[in-house]
Amino acid sequence: MSTNAEIAGRLGQIAELLELTGADKFRVLANQKAARVIESLTAELGPIARGPDARTGLMALEGIGPKIADKIIELCATGRIKELEELKAAVPAGLPEVMSIPGMGPKTVRLVWQEAGVTDLAGLKRIIDDGSILNLPRMGAKAVEKLKASIAMLAESRGRLGLGVAMPVAERVVALMKDVKGVEQAAFAGSLRRGKESIGDIDILVAAKGAAVTAAAEAFCTMPGVRHVIARGEAKCSVRVSLEEDGGRFSGAPTGDAGEAANAAPTDAERAGGTVQVDLRVIEPARWGSALMYFTGSKEHNVRLRQRALDRGLTLNEYGLFPEDKSTSESPQSRGVKAVASKTEEEIFKALELPWVPPELREDRGELKLESTPVLIEVADIRAELHSHTTASDGTMSIEELAERAKARGFHTIAVTDHSKSQGIANGLSAARLEAHIEAIHAARAKVKGITILAGSEVDIFADGSLDYEDKLLAKLDLVVASPHAALSQDPERATERLLKAIAHPRVHILSHPTGRLVLRRRGLEPDMAKVFAAAKEHGVALEINAHWMRLDLRDTHVHAALEAGCVLAINCDVHSPGDFDNLRFGVLTGRRGGLTKERCVNCWAAEELRAWIKGKGHG
DNA sequence: GCCGTTTTCGGCCCGACTGTTTTCAGTCG
């Protein structure tokens with residue numbers, strides 16, 4: 001049994017070790033690319049690799065040729081890859097960690113390994129402490145000081161940040177940069193603009209000229225919260241900024257989500273040592289579009305765009321799209337060549353004969369084949385919240401307050417879905433309490449006008465796929481949201497059966513946070529998602545993107561696959577307290593990354609359409 | 001190690017910053 005994650009992991013290891021042996025960099029690149037491709041697949045490769053046409057089947061995937069196909073087949077058949085074993089034998093096990101130190105690339109690691117016998121982090125520290133590292137070529141006092149600082153930083157900054165932690169920091173910095181005199185534009189770019197679920201660092205882009213350039217760099221490096229200036233140049237600065245994180249119910253707040261805070265790992269801020277790296281680039285206003293594109297990435301998307309430019313006799317960089325001139329190696333911008341396009345992203349895409357591509361789709365997952373700009377879902381399209389909790393279980397609001405808050409957001413419908421009886425720690429409702437709660441919801445309906453309040457429940461899906469209430473009781477509800485909360489490390493086969501059984505239940509409307517994963521913290525279930533999607537399509541069950549930034553479950557690649565399978569989706573905030581409504585944008589970003597449109601999201605439907613779907617499903 | 005509407009071999013994106021250097025190698029994004 002080899003999951004895609006395992007296959008990708010092994011290939012990534014091969015790439016890393018190859019780098020350390022000084023192998024051809026394109027061979028390294030090929031393994032990295034294959035790992036990346038496999039990681040974002042939703043269909044499992046295992047069955048293909050064990051099937052009759054394994055080699056052909058695998059080679060149909062981009063980036064996988066005969067050699068890598070054979071490695072995958074070998075792994076699935078024997079549980080190991082000979083090449084990897086050999087590399088592991090040849091490269092000391094501690095070196096990959098040494099290479100993870102900022103400033104230590106493959107060349108330098110090789111140098112300290114071969115010339116000074118360093119085989120792990122302790123060895124590196126040793127030659128730094130005894131000063132012998134200075135005897136190596138290109139190793140001066142300053143380089144060693146930086147290395148020391150990097151090692152110290154590494155201990156406290158390993159790990160990435162959740163979207164919800166990074167976004168407020170980025171927004172604060174952008175607002176600050178916009179206030180600098182002479183700054184014409186400021187925005188965050190990078191993986192944050194693409195809406196990725198986790199962020200390594202924050203990229204800030206500023207358009208300015210003349211005195212404003214240095215003013216921007218100065219303001220950036222001295223802004224509140226800067227703990228350390230890593231680099232400071234005219235056009236580029238890097239700093240580490242203090243973090244404040246509120247993980248809400250996932251970080252030990254009193255309103256624990258079914259006790260999940262109790263076994264949760266340290267918060268992002270804690271793991272990151274309380275800081276995040278923020279990079280600033282200052283560019284001329286006339287080059288805003290090309291710079292924004294460049295720094296938004298993804299890297300793979302950019303490579304693809306550059307290739308496309310070259311195919312058209314053009315060359316693309318962060319300064320613009322230029323005519324290619326093979327007679328010189330000097331860059332077009334330094335020769336004063338006029339750009340074909342540079343001011344806006346739109347004009348550059350147009351010059352490359354492409355529609356503008358929304359940032360969330362720029363992952364080299366086929367977005368350059370789009371014939372027009374897709375109209376993806378937006379926060380303003382959402383008209384209903386279908387997953388929320390009140391004081392009856394572990395929420396902080398009464399039914400009336402919840403409904404008023406939802407109404408204030410412009411929603412036409414709110415579903416009250418408190419926890420079911422087995423969620424004892426979340427004060428889950430017994431059958432009798434649920435009966436009474438349904439009555440209370442009906443009473444609130446009469447009080448709060450201008451919004452439909454649905455009586456629902458977030459019903460636990462047990463490990464065997466059965467539900468936490470009797471069918472007779474479920475039949476009294478307007479809406480049933482079914483979720484896995486416990487037994488989240490069961491094997492993929494059982495997880496698949498579990499979810500399929502829940503989906504097939506005639507009373508279930510929405511499968512909520514289907515895998516139970518927590519971003520950067522917990523893997524959650526790893527069922528055969530293709531089967532889950534096929535079943536959801538068959539039974540008309542909506543698959544939820546839980547909008548809390550620590551869940552984002554379904555994840556982006558699942559969203560894409562679910563849409564391909566013909567499913568409808570839901571984006572719910574899983575509201576426990578008033579602020580949770582604000583997480584909607586993270587769910588929407590994730591939906592957009594998967595190509596979600598408002599037509600395919602039940603929360604965007606008009607009241608009558610939504611009601612008809614709920615009713616039809618309920619009697620189905 | 002992958003890939004091919006000019007290729008089954010010879011390509012494979014591009015620039016800033018840093019530190020150690022006198023013209024550049026390495027790292028990073």
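We name chains A, B, ... by the order of the sequence lines, and we start the count at 1 in each one. Computed from heavy atoms alone, side chains included, the values below leave out hydrogens, waters and symmetry copies.
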In whole angstrom, give me the gap between the [atom1] atoms of [N] and [M].
{"N": "B/dC12", "M": "B/dC17", "atom1": "P", "value": "25 Å"}
{"N": "B/dG11", "M": "B/dT6", "atom1": "C1'", "value": "14 Å"}
{"N": "B/dT20", "M": "B/dG26", "atom1": "P", "value": "14 Å"}
{"N": "B/dG1", "M": "B/dT8", "atom1": "C1'", "value": "14 Å"}
{"N": "B/dG15", "M": "B/dG10", "atom1": "P", "value": "26 Å"}

Treat primed atoms plus P, OP1 and OP2 as sugar-phosphate and everything else as base, then score nucleotides 24-29 of chain B 5' to 3': B for base contact with protein heavy atoms under 4.0 Å, S for sugar-phosphate contact only, - for none. -BSSSB
With B for base contact, S for sugar-phosphate-only contact and - for none (protein heavy atoms under 4.0 Å), nucleotides 1-6 of chain B reads BSS---
Name the nucleic acid region contacted by [X], choosing base, sugar-phosphate or nothing; use a 4.0 angstrom heavy-atom cut-off, strictly under.
{"X": "A/Q32", "value": "nothing"}
{"X": "A/R232", "value": "sugar-phosphate"}
{"X": "A/K25", "value": "nothing"}
{"X": "A/T315", "value": "sugar-phosphate"}
{"X": "A/A141", "value": "sugar-phosphate"}

Start at the 5' end of DNA chain B and walk down; is the nucleotide closest to A/N302 or to A/K146 reached first? A/N302
Go nucleotide by nucleotide along DNA chain B from the 5' end; which of A/V144 and A/L310 gets its closest nucleotide reached first? A/L310
Hey, are [X] and [Y] close enough for a salt bridge, meaning a charged N less than 4.0 Å from a carboxylate O?
{"X": "A/E318", "Y": "A/R287", "value": "no"}
{"X": "A/K350", "Y": "A/E353", "value": "no"}
{"X": "A/E367", "Y": "A/R362", "value": "no"}
{"X": "A/E6", "Y": "A/R10", "value": "no"}
{"X": "A/E197", "Y": "A/R517", "value": "yes"}
{"X": "A/E62", "Y": "A/K33", "value": "yes"}
{"X": "A/D556", "Y": "A/R592", "value": "no"}
{"X": "A/E74", "Y": "A/K71", "value": "no"}

Any sub-3.5 Å donor-acceptor pair from A/T373's side-chain atoms to A/W356's backbone N or O? yes
Expected output: side-chain A/N317 to main-chain A/G320 donor-acceptor under 3.5 Å: yes
Take the protein atom [atom1] of [X] and the nucleotide atom [atom2] of [N], then report the distance between them rounded to whole Å.
{"X": "A/E145", "N": "B/dT20", "atom1": "CD", "atom2": "P", "value": "11 Å"}
{"X": "A/R287", "N": "B/dG15", "atom1": "CZ", "atom2": "P", "value": "12 Å"}
{"X": "A/E300", "N": "B/dC14", "atom1": "CD", "atom2": "C1'", "value": "15 Å"}
{"X": "A/I283", "N": "B/dA16", "atom1": "CD1", "atom2": "P", "value": "13 Å"}
{"X": "A/Q307", "N": "B/dG11", "atom1": "CD", "atom2": "C1'", "value": "10 Å"}
{"X": "A/R308", "N": "B/dC14", "atom1": "CZ", "atom2": "P", "value": "16 Å"}
{"X": "A/I230", "N": "B/dT18", "atom1": "CD1", "atom2": "C1'", "value": "13 Å"}
{"X": "A/Q333", "N": "B/dG15", "atom1": "CD", "atom2": "C1'", "value": "8 Å"}

How should the glycosidic conformation of B/dT20 be described, syn or anti, under the criterion that syn lies within 90° of 0? anti
Partner lookup for B/dG4, please. Criteria are Watson-Crick or G-U wobble with both distances under 3.5 angstrom; report none if nothing qualifies. B/dC9
Would you list the atom pairs, donor with acceptor, under 3.5 Å between side chains in residues 202-222 of chain A and any protein atom, with sequence neighbours excluded?
| residue | atom | partner | partner atom | Å |
| --- | --- | --- | --- | --- |
| A/T214 | OG1 | A/A211 | O | 3.1 |
| A/E218 | OE1 | A/R232 | NH2 | 2.6 |
| A/T222 | OG1 | A/E218 | O | 2.7 |

